[in-house]
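Everything below concerns the one structure shown next.
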Amino acid sequence: MLIDMSTSRPATSAPNTPHTPNTAHTSGHPRRTHDDAPDTARLFTRLTTMEEGAERDAVRDEIVTAWLPMAHRIAGRFRDRGEAIEDLRQVAALGLVKAVDRFDPERGAFESYAVPTITGEIKRHFRDRMWALRVPRRVQELRNKVRLARRELAQTPGAPEPSTADLAAHTGLTEDEVAAGLEALESFSTLSLDAELPAGDDGYSLADTLGEADVSYDIVVDRESAKESLRRLPERERAILYMRFFEDMTQSRIADRLGISQMHVSRLISRSCAQVRQEAMGRPGDGR
């Protein structure tokens, strides 16, 4: 399938002379509005009657080749919007191929069908591919309305930058919607975390302004999760855990103080810790 090629092509007709009227073609078709709008009506008629195969593909490619200059012209309207013109031409060529495949010659002139099809393909490319930060479709539409309103309000020479209220009045949007559209205007590109902050010469970057995880929060969460389970333990087992983990006593010293065996102390500690852990994790204990 042919997608791109040079925009230059040989002229399809001789230049107008005083003896050649320019108001209509001899075939009865209306005058073409652009020099890059070739007369491919016969090719389209032939294409609709052909079966799938190499010969039909050749006719299809001939039509695409003839209309590529128009597709490139449409792509040129979207230059200087952050996308390379070569990529825009490829997108326009894809829209042209879709237009050729879907066009019905009985429904009118191909140019009337191809122009919105190609334009829509380019706009979809910007909508779906050009956002560094993906935003909802509704916010994208707000962005477009705000962008057009800013352009229209700034057309008057010496006019100040329109305010949020001005944009809201011009577009019929609320000020919150205008604010969302203004924020979306900056979403085509992102700023590196290593970029230096604009204010000051201290060399701080955006990454330096971000907070870090504080391990103390984990301790607080664990402590609060275990608090209720510890309260439900029998008094002797709470005392054993306190002596072992807060007073740093050995199991032997705990056993001597309570008058029980060291083995019994070890079992009580293991059982109490398992019960507290299970309840803190949201699982019921296994009972006593």
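Note that the numbering runs from 1 along the sequence shown for the chain.
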query: Does any pair with a residue in residues 260-270 pass salt bridge (Lys or Arg N to Asp or Glu O under 4.0 Å), and if so which ones, sequence neighbours excluded?
result: none
task: Kindly check if the number of other-residue, nucleotide or ligand heavy atoms within 6.0 Å of CZ (Arg238) is above 12?
output: yes
task: Give a yes or no on whether Glu235 atom CD has more than 12 heavy-atom contacts from other residues, nucleotides or ligands under 6.0 Å away.
output: no
field: Check against salt bridge (charged side-chain N to carboxylate O under 4.0 Å, His left out), Arg143 and Glu183
entry: CA-CA 8 Å; Arg143 170 195 173 276; Glu183 290 182 2; over 6 Å; no
Which residues share a salt bridge (charged side-chain N to carboxylate O under 4.0 Å, His left out) with Arg231, sequence neighbours left out: Glu228
task: Output yes when Arg150 and Glu161 qualify as a salt bridge under the 4.0 Å nitrogen-oxygen rule, no when they do not.
output: yes
field: Qualifying residues under salt bridge (charged side-chain N to carboxylate O under 4.0 Å, His left out), relative to Arg46, sequence neighbours excluded
entry: Glu55
query: Should the ring pair Phe103 and Phe44 be called parallel, tilted or perpendicular, given that the plane angle runs from 0 to 90° and is split at 30 and 60?
result: perpendicular
Between side-chain atoms of residues 165-174 and protein atoms elsewhere (two or more places apart, or another chain), which donor-acceptor pairs fall under 3.5 Å?
residue : atom : partner : partner atom : Å
Asp166  : OD2  : Ser163  : N            : 3.2
Asp166  : OD2  : Ser163  : OG           : 3.0
His170  : NE2  : Glu152  : OE1          : 2.6
Thr171  : OG1  : Leu167  : O            : 2.7
Thr171  : OG1  : Leu173  : N            : 3.3
Thr174  : OG1  : Glu177  : N            : 3.2
Thr174  : OG1  : Glu177  : OE1          : 3.4

- prompt: Could you state the interatomic distance from CD1 (Ile269) to CE (Met243), rounded to the nearest 0.5 Å?
  reply: 8.5 Å
Reference residue Leu96; test side chain to side chain contact (heavy atoms under 4.5 Å, CB included); the match among Asp101, Ile118, Thr65: Ile118
- request: Side-chain contact test, heavy atoms from C-beta onward, threshold under 4.5 Å: evaluate it for Arg56 versus Glu51 and give yes or no.
  value: no
task: Run the salt-bridge test on Glu121 and Arg124 with the 4.0 Å N-O cut-off and return the result as yes or no.
output: yes
message: Glu106: which residues meet the salt bridge (charged side-chain N to carboxylate O under 4.0 Å, His left out) condition with it, sequence neighbours left out?
response: none
query: Any idea how Tyr242 and Phe246 line up, ring-wise: parallel (<30°), tilted (30 to 60°), or perpendicular (>60°)?
result: parallel
message: For Glu141, is there an ion pair with Arg138 - N to carboxylate O distance below 4.0 angstrom?
response: no
- prompt: Tell me the side chain to side chain donor-acceptor pair (under 3.5 Å) pairs involving residues 249-262, sequence neighbours left out?
  reply: Ser252-Gln262
